[in-house]
Amino acid sequence: MPKNKKRNTPHRGGSGGSGSGAAAATAATAGGQHRNVQPFSDEDASIETMSHCSGYSDPSSFAEDGPEVLDEEGTQEDLEYKLKGFIDLTLDKSAKTRQAALEGIKNALASKMLYEFILERRMTLTDSIERCLKKGKSDEQRAAAALASVLCIQLGPGIESEEVLKTLGPILKKIICDGTASIQARQTCATCFGVCCFIATDDITELYSTLECLENIFTKSYLKEKDTNVICSTPNTVLHISSLLAWTLLLTICPINEVKKKLEMHFYKLPSLLSSDDVNMRIAAGESLALMFELARGMESDFFYEDMDSLTQMLRALATDGNKHRAKVDKRKQRSVFRDILRAVEERDFPTETVKFGPERMYIDCWVKKHTYDTFKEVLGSGMQYHLQSNEFLRNVFELGPPVMLDAATLKTMKISRFERHLYNSAAFKARTKARSKCRDKRADVGEFF
């Protein structure tokens, strides 16, 4: 029978199509062997394709509730079995299946420390990421780059992560500089390149090369002489923002001489980005400036900035911005951030933030630490707190010391069930609604009085 007629033939009992996918998935994981049979193609990337991948787990389920779900609902063996399946599915013919598999692995690594497991399969994972970056389209490249970042975070600094960067670095750089590639893929690759270089690079020339690559991207947003006083955003703006933030992260690990060189190059050009009509670009430029001031004053306590009056005037305007043509949410977010930036530039002050994770607390008391924390939180998402507790590399970065060992009984008392979280959130929502209602009633009374 012709292939197209077979596909249109009703399945007996409604299970014929899914059964073939499940059988192929089982064959993929048996003994860790690669599959010779690949039942899906890009043309068949539909509900059947996704059910094939979901036979192991819904990729998003790893990140939904964090490590608690993994501990309560499945053993380590179950998780590793699912991950082996995902690793095999990165070789599938279907782009959607490969993308879902990459996302499933990434979510698992972001939610739980699996160092020994991935150490044994580092080369296989690296090869899969490399293949998806080279041959995949936008979404698949983004998923592959995101996985590369989390892979390096799991491995930490050392020969293993250096090998990962050595293999993937040239490909990431090529995508970032490729004007024909998807903007979203280039954006994710820029963040990945910065994070992986921050973790793995042991070669100073490689660090400088990465900085130069990122500089060549975000400096295209600098105000040109022929431009007006406002920088209009373009589709490339998101790429420029990610490149600037990755560049700023790497600046924090540069030798003093290189930091001085970069400050001289960018201190008087970077403020032009504050006039961008994109709120995220304005915030990224402002936070980078605050961090650069912190680095400069750390090297020279009497550091003097020539255009201080002009800069503080711009920062003060952004901290009190009331332009009606801007969205209220954007203005509120911008004012909050730029109040802190203005204090940092004028008064050398930083509003300390507290991050709680498990029984521990971390105090973010400088712009370098804040920027580093924000970068890794963007990569790890809800898994950031878990990694702060368990990941030795991140604990060294934030000077938290060795991981705190807790017994099973203590961990159990610390956990909050999903039902308890729901009750807590519902109570908090009711309290906020009640407070708002009272506030509205008071305003109504005042209006009637006048």
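Residue numbers start at 1 and run along the sequence shown. Bear in mind that the values here come from a model prediction, so they are computed numbers and not experimental data.
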Using a distance-only test with no angle check, is there a side-chain donor-acceptor pair under 3.5 angstrom linking D278 and S276? no
Go through the steps for K166 and E206 under the test salt bridge (Lys or Arg N to Asp or Glu O under 4.0 Å), then give the verdict. CA-CA 10 Å; K166 185 177 180 181; E206 187 177 345; over 6 Å; no
What closest approach, in Å, do A285 and L270 show between heavy atoms, and which atom pair accounts for it? O-CD2, 4.1 Å
Quick one, E264 with K260, criterion salt bridge (Lys or Arg N to Asp or Glu O under 4.0 Å). Give me CA distance, side-chain angles, the key distance, then yes/no. CA-CA 6 Å; E264 290 175 1; K260 289 181 178 179; over 6 Å; no
Looking at T97, is its backbone amide N or carbonyl O close enough to the side chain of D92 to form a donor-acceptor pair, meaning the two atoms are under 3.5 Å apart? no
Derivation of the side-chain hydrogen bond (donor to acceptor under 3.5 Å, both in side chains) call for N107 and K112: CA-CA 9 Å; N107 290 335; K112 195 174 181 68; over 6 Å; no
Of all heavy-atom pairs linking V259 and M299, the shortest is CG1-CE, 3.6 Å
I'd like to know whether CD of E392 has more than 12 heavy-atom contacts from other residues, nucleotides or ligands below 6.0 angstrom. no
Quick one: does any side-chain atom of R297 pair with a main-chain N or O of V345 as donor and acceptor, under 3.5 Å? yes
N257 side chain to K262 side chain, donor-acceptor N/O pair below 3.5 angstrom: no
Identify whether NZ of Lys or CZ of Arg in R361 sits under 6.0 Å from the centre of the six-membered ring of Y363 and within 45° of that ring's axis. no
For K173 and S209, which heavy atoms make the closest approach, and how far apart are they? NZ-OG, 3.2 Å
What's the spacing between L102 CG and L89 CG if we round to 0.5 Å? 10.0 Å
Between E287 and K370, is there a side-chain N and carboxylate O pair less than 4.0 Å apart? yes
Side-chain donor or acceptor of R98 paired with backbone N/O of T90 under 3.5 Å: no
Counting distance only, does the side-chain N/O of R395 pair as donor-acceptor with the main-chain N or O of P402 below 3.5 Å? yes
Heavy-atom side-chain contact between T237 and F218 under 4.5 Å: no
Say whether T205 and D203, considering side chains only, have a donor N or O and an acceptor N or O under 3.5 Å apart. yes
Decide yes or no on ring pair (Phe, Tyr, Trp, His ring centres under 6.0 Å) for H240 and Y222, but give the supporting numbers first. CA-CA 10 Å; H240 297 173; Y222 279 172; 9.8 Å; no
Intermediate values then yes/no, side-chain hydrogen bond (donor to acceptor under 3.5 Å, both in side chains), T180 and D178: CA-CA 5 Å; T180 62; D178 183 3; 2.6 Å; yes
Hey, is CE on M123 packed in by over 12 heavy atoms from elsewhere, all under 6.0 Å? no
Measuring only between side-chain heavy atoms, which start at C-beta, is Q141 closer than 4.5 Å to T188? no
Between S288 and T248: side-chain donor-acceptor atoms closer than 3.5 Å: yes
Within a strict 4.5 Å, meaning less than it, do heavy atoms of the L211 and C254 side chains meet? yes
Between T201 and T210, is a side-chain contact (heavy atoms from CB on, under 4.5 Å) present by the stated rule, with each step listed? CA-CA 10 Å; T201 188; T210 307; over 6 Å; no
Side-chain contact, heavy-atom cut-off 4.5 Å: L274 with F338? yes
With a 6.0 Å cut-off on ring centres, are Y386 and F357 close enough? no
Just checking H371 against F376, ring centres under 6.0 Å apart? no
Can you check whether K356's main-chain N or O pairs, donor with acceptor, with Q385's side chain at less than 3.5 Å? yes
Grab the two heavy atoms, one from A95 and one from E140, that are nearest each other, plus how far apart they are. CB-OE1, 4.0 Å
dist C152:SG -> I199:CD1 (nearest 0.5 Å) comes out at 5.5 Å
For a side-chain contact (heavy atoms from CB on, under 4.5 Å) check, start with the C-alpha distance between C196 and V164, then their side-chain angles and the critical distance, and finish with the verdict. CA-CA 9 Å; C196 292; V164 173; 5.7 Å; no
Looking only at the aromatic ring of each residue, does the gap between the centers of F303 and F267 stay below 6.0 angstrom? yes
Near E347 CD, under 6.0 Å, is it more than 12 heavy atoms from other residues, nucleotides or ligands? yes
Would I87 and T124 count as a side-chain contact (heavy atoms from CB on, under 4.5 Å) if you check the C-alpha gap in whole Å, the side-chain angles of each, and the deciding distance to 0.1 Å? CA-CA 8 Å; I87 291 171; T124 303; 3.8 Å; yes
In terms of side-chain heavy atoms, does Q99 have a donor or acceptor partner in E103 at a distance below 3.5 Å? yes
Would you say T252's side chain and L249's backbone share a donor-acceptor pair under 3.5 angstrom? yes
Please answer whether the main-chain N or O of A108 pairs with a side-chain N or O of S111 as donor and acceptor at a distance below 3.5 Å. no
What are the two closest non-hydrogen atoms of L263 and A296, and how far apart are they? CD1-CB, 3.7 Å
Nearest-0.5 Å distance, CG of residue N216 to CH2 of residue W247: 12.0 Å
Is there side-chain contact between L295 and V368, with heavy atoms separated by less than 4.5 Å? yes
Side-chain heavy-atom pair L342, L318 within 4.5 angstrom cut-off: no
If you measure from CE on M113 to CG on L394, what distance do you get to the nearest 0.5 Å? 8.5 Å
State, yes or no, whether a side-chain contact exists between E353 and D365 at a heavy-atom distance under 4.5 Å. no
Can you name the nearest heavy-atom pair linking I175 to C189, along with the distance? CG2-SG, 3.8 Å
So, does Q154 use its side chain to make a donor-acceptor pair with the main chain of L109 at under 3.5 Å? yes
Without swapping roles, check the side chain of S243 against the backbone of L239 for a donor-acceptor pair under 3.5 Å. yes
Rounded to the nearest 0.5 Å, what's the gap from CG on N396 to CG on N391? Could you check? 9.0 Å
Treating E294 as the side-chain partner and W367 as the backbone partner, does any N or O pair qualify as donor plus acceptor under 3.5 Å? yes
Distance, nearest 0.5 Å, that separates CG of L207 from CD1 of I204: 5.0 Å
Got F193 and L168 here, is their nearest side-chain heavy-atom distance under 4.5 Å? no
